[in-house]
Amino acid sequence: MGKRSAASTAFGIVDLALAVLYSFLVLRVIPSRSSTFTMVALAACAVIAAGGIGMIVQSRLGFIVAAVAASSMIAATFALILLLVASAAYLHGIYDGIGQAGAALAILAALLTIEVVGLVPALQLVHLWRRHRESR
């Protein structure tokens with residue numbers, strides 16, 4: 001894809017750091033009793049790490065892996081937001097005052113999901129798209 005890019009390397013390092021941070025959070029800080037949740041979260045960490053390696057390698061295949069990883073994380077962000085909004089609606093409909101507080105927390109978590117899970121992959125896709133256009 002042309003010459004090496006410091007921004008691509010930086011995105012790769014950020015991806016690897018986020019994968020380690022998310023793994024630490026899932027395994028140590030907020031462990032779940034659900035093995036399914038833990039496995040899905042660790043799979044997402046692996047996807048992020050693969051995207052980071054792809055960004056650092058900066059080959060054609062590396063950028064394809066990075067684009068697929070970033071797209072997957074954006075899709076996961078939308079799915080997580082949908083589930084959190086559905087939880088908020090359920091809590092608000094079933095429970096009275098406590099349900100409203102739970103719904104507010106679920107909406108807050110959905111908003112934070114955009115920043116915590118979706119922002120870096122979105123910026124990374126923009127970067128990859130620009131790199132692709134420059135290489136033509």
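Throughout, numbering of the chain's residues begins at 1 and tracks the sequence.
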Chemist: Evaluate the criterion side chain to side chain contact (heavy atoms under 4.5 Å, CB included) for residue pair Ile114 and Leu119; output intermediate values, then yes/no.
Modeler: CA-CA 6 Å; Ile114 295 168; Leu119 185 60; 5.9 Å; no
Chemist: Nearest 0.5 Å please: distance from the CD1 atom of Ile64 over to the OG atom of Ser59.
Modeler: 8.5 Å
Chemist: Linking I/L/V/M/F/W/Y whenever their side-chain heavy atoms sit closer than 4.5 Å, directly or via other members, would Val14 and Met73 fall into one cluster?
Modeler: yes
Chemist: Would you give the length of the straight line joining atom OG of Ser8 to atom CD1 of Ile13, rounded to the nearest 0.5 angstrom?
Modeler: 11.0 Å
Chemist: Give the minimum heavy-atom separation between Ala67 and Leu125, together with the two atoms involved.
Modeler: O-CD2, 3.8 Å
Chemist: If you look at every heavy atom in Val85 and Ala110, which pair is closest and at what distance?
Modeler: CG2-CB, 4.5 Å
Chemist: Can you sort out the partners of Thr9 under side-chain hydrogen bond (donor to acceptor under 3.5 Å, both in side chains), two or more places apart, ordered by chain and number?
Modeler: Gln58
Chemist: If the test is side-chain contact (heavy atoms from CB on, under 4.5 Å), which one of Arg130, Gln124, Arg131 qualifies with His127?
Modeler: Arg131
Chemist: Would you say Val116 and Tyr22 make side-chain contact, with heavy atoms under 4.5 Å?
Modeler: yes
Chemist: Report the C-alpha separation of Val26 and Ile30 in whole Å, then their side-chain angles, then the decisive distance to 0.1 Å, and conclude whether the side chain to side chain contact (heavy atoms under 4.5 Å, CB included) test is met.
Modeler: CA-CA 5 Å; Val26 167; Ile30 50 169; 5.6 Å; no
Chemist: Do you know which two heavy atoms are closest between Ala88 and Ala106, and how far apart they sit?
Modeler: CB-CB, 3.7 Å
Chemist: Got a second to check how far Thr36's OG1 is from Met39's CE, nearest 0.5 Å?
Modeler: 9.0 Å
Chemist: Closest approach of Val47 and Ser72, non-hydrogen atoms and distance?
Modeler: CG1-CB, 4.3 Å
Chemist: According to a 4.5 Å side-chain heavy-atom criterion applied to Ile, Leu, Val, Met, Phe, Trp and Tyr, with indirect links allowed, do Tyr90 and Leu83 form part of one hydrophobic cluster?
Modeler: no
Chemist: Under 4.5 Å between any side-chain heavy atoms of Ser23 and Leu42, yes or no?
Modeler: yes
Chemist: When rounded to the nearest 0.5 angstrom, what distance separates CD1 in Ile53 from CD1 in Ile48?
Modeler: 12.5 Å
Chemist: Of the non-hydrogen atoms in Ser32 and Ser34, which two are nearest, and what is the gap between them?
Modeler: OG-N, 3.0 Å
Chemist: As an exercise, state the distance from CG of Leu84 to CD1 of Ile107, rounded to the nearest 0.5 Å.
Modeler: 8.0 Å
Chemist: Does the side chain of Leu27 reach to within under 4.5 Å of the side chain of Thr38, using non-hydrogen atoms?
Modeler: yes
Chemist: Within a strict 4.5 Å, meaning less than it, do heavy atoms of the Phe11 and Leu123 side chains meet?
Modeler: yes
Chemist: Does the side chain of Ile56 reach to within under 4.5 Å of the side chain of Leu16, using non-hydrogen atoms?
Modeler: yes
Chemist: Can you hop from Ile98 to Leu105 via hydrophobic side chains spaced under 4.5 Å?
Modeler: no
Chemist: Once you round to the nearest 0.5 Å, how far does CG of Leu80 lie from OG1 of Thr113?
Modeler: 4.0 Å
Chemist: Is the shortest side-chain heavy-atom distance between Met55 and Phe63 below 4.5 Å?
Modeler: yes
